[in-house]
Amino acid sequence: MNESEFDMMLTPMRVSVQRFLSLTLKRGHALTGNRGAGIEVYYVLVGTMCLEVACQPVILCGRDTLILLPPGLERTIRPASEVEPGAGTAEFGADQDLFIATGTIAARVSGTFGLLDSVARPIIEGLGDSPFIADSCRLMVAEFAGAEYGSRTLADALMKVCIVMALRRTLSRSEADRGLFGALRDPRLRKAIAAVIANPAAPHNVSSLAGVASMSRSAFAREFSATLAMTPMAFVARTRLQQGANLLSGTRLPVKMIAANIGFASRSHFSRAFAAAYGADPSSFRRAGLRQGRTGARRDVTALRHSLSQAGEC
């Protein structure tokens, strides 16, 4: 994969860590069921994890393995000491409790599709040659436990590093997949997606994007929709609106100027499209974001004062 295209795809990826903690599973204990809409992350710190996913063979994950489970995937996790001897546990030395760092995250690329949308299998990568990953997981656990000033921001940044480390190994293998991975692995679709992300305001249309992908118009539209579960122009519109949301939240540019900057012919057209996507017109969305930011800042200041008080500094 072209390095600049990989960066173009993943640089705008936003990662939000919703929770992260450490957990010990002893013999006879297990995590089971469906944990909901978020991506589950596991990092094996000590022991060997036995991962069972519906309709797939049992997977043994040794120490320093990072596991990403797609949203809604049914799974059972237990110590490998629970597995019958001869199932491959000997090579892992699976005779101890399982100690893992685990959390739930949301990750979206350019605001348009989720990291593991349409992915049916777990992403599993051994990262024992990268001590930074284990240190990052331990730090994220500590940050969530302590609720220090800026903990969420730090955790989001560390988790993104962990994900990118795993993805660049996963994507080096030629395994077919849908969604983001399918688009990343297909150099034709990847070029078109990168072109939209790099310049959402350009006058993109199906024909121009098919040209970037070096495909016929009909073949491009068919492959794009089959892989990303949306049409090329829906992807363009969602990318533009996400950029608009970012500009509304992060700048004081007038709404009319934002609309022009992201490729809308008029403020009214932008406002209608934005309200349909976000449930609020651009001005209301900006005001709500400012109120939320002030509330969050007050919470962070309170947490900082508390930590300073605990340390005897105020």
Side-chain angles (χ1 to χ4, degrees), residues 9-10 12-23 25 30-44 49-59 61 65-78 100-125 127 133 136-137 140-141 144 152 155-171 173 175-185 189 193 197 224-231 234-235 238-239 241-242 245 277-279:
M9 294 283 285
L10 294 186
M13 181 174 70
R14 293 195 168 191
V15 177
S16 174
V17 183
Q18 298 163 4
R19 66 176 182 86
F20 209 74
L21 50 85
S22 61
L23 179 67
L25 284 179
L31 300 176
T32 60
N34 180 327
R35 295 301 296 266
I39 298 170
E40 284 191 336
V41 179
Y42 297 91
Y43 189 82
V44 181
M49 172 193 289
C50 175
L51 172 63
E52 300 175 34
V53 179
C55 302
Q56 296 184 31
V58 173
I59 304 169
C61 307
T65 298
L66 182 71
I67 302 102
L68 303 176
L69 293 186
L73 194 66
E74 293 282 347
R75 56 89 181 103
T76 298
I77 291 170
R78 55 170 54 93
I100 57 177
T102 179
T104 305
I105 69 170
R108 302 196 69 80
V109 177
S110 191
T112 54
F113 50 88
L115 176 67
L116 299 186
D117 282 0
S118 303
V119 176
R121 300 185 303 274
I123 305 302
I124 301 173
E125 293 295 336
L127 298 170
I133 303 300
S136 295
C137 289
M140 284 187 281
V141 168
F144 265 75
R152 291 299 179 92
D156 292 350
L158 290 171
M159 182 58 72
K160 184 170 181 178
V161 172
C162 295
I163 289 173
V164 171
M165 290 287 288
L167 286 185
R168 70 182 184 184
R169 297 193 184 190
T170 298
L171 293 169
R173 297 188 292 273
E175 301 170 359
D177 222 324
R178 288 170 52 84
L180 172 63
F181 288 173
L184 284 172
R185 287 196 176 101
L189 298 183
I193 290 171
I197 292 175
F224 194 101
S225 298
T227 301
L228 273 79
M230 71 179 78
T231 67
F235 175 80
R238 289 172 66 173
T239 303
L241 290 172
Q242 179 62 39
Y278 287 87

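Since the model is a prediction, treat every value here as computed from it, not as a measurement. Along the sequence shown, the residues carry numbers beginning at 1.
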Subject >> Gap between atom CD of Gln18 and atom CD1 of Ile105 - 0.5 Å precision >> reply: 8.5 Å
**OP:** Step by step, work out the side-chain contact (heavy atoms from CB on, under 4.5 Å) result for Val41 and Leu66.
**Re:** CA-CA 7 Å; Val41 179; Leu66 182 71; 3.8 Å; yes
Original post:
Where the side chain of Thr65 meets the backbone of Cys61, is there a donor-acceptor pair that is under 3.5 Å apart?
Top reply: no
Original post:
Do Arg238 and Met230 have side-chain heavy atoms sitting under 4.5 Å apart?
Top reply: yes
Original post:
Between Arg169 and Leu127, is any pair of side-chain heavy atoms under 4.5 Å apart?
Top reply: yes
Subject >> From Ile59 atom CD1 to Arg121 atom CZ, the distance as rounded to the nearest 0.5 Å >> reply: 10.0 Å
**OP:** For Thr104 and Ile39, indicate whether the former's side chain and the latter's backbone hold a donor-acceptor pair under 3.5 Å.
**Re:** no
Subject >> Separation between CE of Met140 and SG of Cys137, rounded to the nearest 0.5 Å >> reply: 4.0 Å
Original post:
Do Leu21 and Thr102 come close enough that some side-chain heavy atom pair is under 4.5 Å?
Top reply: yes
Subject >> Residues Phe144, Val17; criterion side-chain contact (heavy atoms from CB on, under 4.5 Å); working and verdict >> reply: CA-CA 10 Å; Phe144 265 75; Val17 183; 3.6 Å; yes
Subject >> Sub-4.5 Å side-chain heavy-atom contact between Ile124 and Leu68 >> reply: no
**OP:** Take Phe20 and Leu158 through the side-chain contact (heavy atoms from CB on, under 4.5 Å) test and state the conclusion after the steps.
**Re:** CA-CA 12 Å; Phe20 209 74; Leu158 290 171; over 6 Å; no
Subject >> Sub-4.5 Å side-chain heavy-atom contact between Leu51 and Val58 >> reply: no
Original post:
Does some side-chain heavy atom of Leu23 sit less than 4.5 Å from a side-chain heavy atom of Tyr42?
Top reply: no
Original post:
Hey, is the main chain of Arg14 close enough, under 3.5 Å, to the side chain of Lys160 for a donor-acceptor pair?
Top reply: no
**OP:** Enter the distance from Ile77:CD1 to Thr32:OG1 here, rounded to the nearest 0.5 Å.
**Re:** 10.0 Å
Subject >> Modelled atom types, side-chain donor and acceptor of Glu125 and Thr170, under 3.5 Å >> reply: yes
Original post:
With side chains defined as the heavy atoms from C-beta onward, is the minimum distance between Val53 and Glu74 less than 4.5 Å?
Top reply: no
Subject >> Atom pair CZ (Arg75) and CG (Leu31), whose distance is rounded to the nearest 0.5 Å >> reply: 5.5 Å
Subject >> Distance (rounded to the nearest 0.5 Å) between Met159 CE and Ile133 CD1 >> reply: 9.5 Å
